[in-house]
Amino acid sequence: MKRSRGERFTIVERVVTPVSGSAARYDTIGLGYREHRRPDPRVGAPILAALGDAATVLNVGAGTGSYEPDDRLVVSIDASAVMLAQHPGPRRVMGVAERLPFADGAFDATLAIFTVHHWSDPAAGLAELQRVSRRQVILAFELLPYWLTEEYVPESATINVDWLASRIAGALPGSRTEIIPVPHDCSDGFFCAYWRRPEAYLDPGVRGAISGLALLPPATIEPAMARLADDLRSGAWNERHADLLELDEMDHGYRLVIAQ
């Protein structure tokens, strides 16, 4: 990787061999990810605000580059070659959060979007974010009641829940947390993005871009989606959730953790 004039970061290792299952996981479910996980500006606005005046940003677990600012220098690192191949940015490095190939204090800020729960050692990864940057901006989630998990796929509530936003905040001294509401027409197809559009979950492509659904075995997810399809055809879902159709946004547990 060439360093442009004025770049202050130093790569101490070019490529890091992934040490967790996240690379293999996203090499499998990451195909077509960019199609269904398009950044939503209403989600992105508080992320950009949290980055403040940071001129250099490291996006850890960058995936396809969602919510990366386009007005400053950004380096993107991910463990999955499939995800990095879909990333349009010019500065891409393959590696893992637990062992970042950069010098101490190399960046003004680190960004981590929906990724900490996939790390093999989140505590080590968070320590690495603190080592290489003075500010950390992390989008994560808490578990709140949601009709999809309560009525159709309760099994999804057991996937990737060891490191919720509150635990992440506790590992970053002096951090603060902001609520990120989910708009009813959210373009970023994360788990609760379709809270008012239940029919979207019937699309295998949509589910394939949501790890909490994509990682469920067919014997679990297929009967659940059949029940959802039946409830949509009969009107039973609308009867149970008519109140949702009047709302423009909801708090579904998404939290922005900001530390400095």
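Any value given below was found using the heavy atoms of this structure, including those in side chains, with hydrogens, waters and symmetry copies removed. What you see is a predicted model, and the numbers here were worked out from it, not measured in a lab. Sequential numbering from 1 along the given sequence is applied to the chain's residues.
Taking each heavy atom of Ala50 and Ile258 in turn, the nearest pair found is CB-CD1, 3.6 Å.
Under the 6.0 Å cut-off for aromatic ring centres, Trp237 and Trp147 qualify, their centroids lying closer than that. Checked against the 6.0 Å centroid criterion, the rings of Tyr254 and Phe190 qualify as a close aromatic pair.
A salt bridge is defined here as a Lys NZ or Arg NE, NH1 or NH2 lying under 4.0 Å from an Asp or Glu carboxylate O, and Arg197 with Glu199 fails to meet this definition. A salt bridge links Asp53 and Arg134; the closest N-O separation between the charged side-chain nitrogens and carboxylate oxygens is under 4.0 Å. Taking a cutoff of 4.0 Å between a charged side-chain nitrogen and a carboxylate oxygen, Asp230 and Arg233 qualify as a salt bridge. Salt-bridge annotation for Arg42 and Glu249: absent, with no side-chain N of the basic residue lying under 4.0 Å from a carboxylate O of the acidic one.
Rounding to the nearest 0.5 Å gives a distance of 12.5 Å between CG of Leu172 and CZ of Arg167.
The side-chain heavy atoms of Asp78 and Asn59, taken from C-beta on, include no pair separated by under 4.5 Å. With contacts defined as side-chain heavy-atom distances shorter than 4.5 Å, the pair Leu164/His117 does not qualify.
In this structure, Phe107 and Phe102 have perpendicular ring planes: the angle between them is above 60°, well past the 30° mark. Using bins of under 30°, 30° to 60° and over 60° for the plane-to-plane angle, the ring pair His252/Tyr146 lands in the perpendicular bin. Aromatic ring pairs are classed by plane angle as parallel below 30°, tilted from 30° to 60° and perpendicular above 60°; the pair Tyr201 and Phe191 is tilted.
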